[in-house]
Undergrad: 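Sharing a structure, written as structure tokens. Questions coming.
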Amino acid sequence: MPSAPGPQVNPSILSADFANLQAELARIATADAAHVDVMDGHFVPNLTLGLPVVEALQRVSPVPLDCHLMIEDPDRWAPAYAEAGAAGVTFHAEAARAPVKLARDIRAAGGRAGIALRPATPVEPFLDLLPEFDMLLVMTVEPGFGGQGFLDVTLPKIRRARAAIGDLDVRLQVDGGVSAATVERAAQAGADVFVAGSAVYGAEDAAAAIGQLRDLAARACAH
Ligand code: DX5
Ligand code: ZN
């Protein structure tokens, strides 16, 4: 089934209070999904959470889970996140040995399959694979940490990815440094799913921050 049209905002719980994740999920009940950053301390120099925590989040989350796996050997680990009930499971192109097989495994387990690219990874080698995926994630910072500045050097890649997606039912997600100051640039380049960690969880009113990002993106897309 095609996903709903219009820009989506997925707050990253990396910037949430890890001691109160249930309450932190409740703060983003108006979001399209909760973005869950899984880091293994190898693919990226940071360690966050894994499958048991995702299973627990899945039980209490008011919104679907969008899992972003920054891990080595996703071929082995990614399908279990879909089996745990995550609506979306995105793995890194740089880490996967057999991305098409893995996308099919994720879909067979009931998840939407996503493929992610670090800022320096070109999109061109993956364009023919897009029909196997529900989402392409163009990282707009080096993965590993929240609170970094948006990398404008990724904008041409976002534009090329949007052109290649054409009529395919593939979402184009950006992640890293997305805020009220940068969301319009990303939307104009063609992104339609916006991950925001510090911009949402650092705000007094998370729902207002989500609404503002969605409105700015929708207006930027309309131009
Ligand atoms: C970075 C993560 C992002 C991060 C975004 O590796 O993938 O999801 O949480 O945080 P902000 O929006 O603060 O850049
Ligand atoms: Zn992420």
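As the structure lists them, so they are numbered: ligands from 1, and atoms in each ligand from 1.
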Undergrad: For atom CZ of Arg159, decide whether the heavy atoms of other residues, nucleotides or ligands shown that lie under 6.0 angstrom number more than 12.
TA: yes
Undergrad: Might you list the protein residues in contact with ligand 1, defined as having a heavy atom under 4.0 Å from one of its atoms, sorted by chain and number?
TA: Ser12, Leu14, His35, Asp37, Met39, His68, Met70, Met139, Pro143, Gly144, Phe145, Gly146, Gly147, Asp175, Gly176, Gly177, Val195, Ala196, Gly197, Ser198
Undergrad: Does Asp134 come within less than 4.0 Å of Arg171, counting only side-chain N to carboxylate O?
TA: no
Undergrad: Let's test this: below 2.8 Å, count the protein N/O/S atoms around the Zn ion (ligand 2).
TA: 4
Undergrad: Will you find, in the side chains of His35 and Asp37, an N or O donor that is under 3.5 Å from an N or O acceptor?
TA: yes
Undergrad: Closer than 3.5 angstrom, by distance alone: can the side chain of Lys101 be matched with the main-chain N or O of Asp75 as a donor-acceptor pair?
TA: no
Undergrad: Are side-chain N/O atoms of Asp32 and Asn10 paired as donor and acceptor at under 3.5 Å?
TA: no
Undergrad: Can a donor-acceptor pair be found, under 3.5 Å and without considering hydrogens, that links the side chain of Asp205 to the backbone of Ala208?
TA: yes
Undergrad: Going by atom types alone, do Asp192 and Gln173 pair a side-chain donor with an acceptor below 3.5 Å?
TA: no
Undergrad: So that I can tick it off, tell me whether Arg97 and Asp73 are bridged by a salt bridge, with the cut-off set at under 4.0 angstrom between side-chain N and carboxylate O.
TA: yes
Undergrad: Strictly below 4.0 Å, N to O, side chains only: are Arg160 and Glu124 in salt-bridge contact?
TA: yes
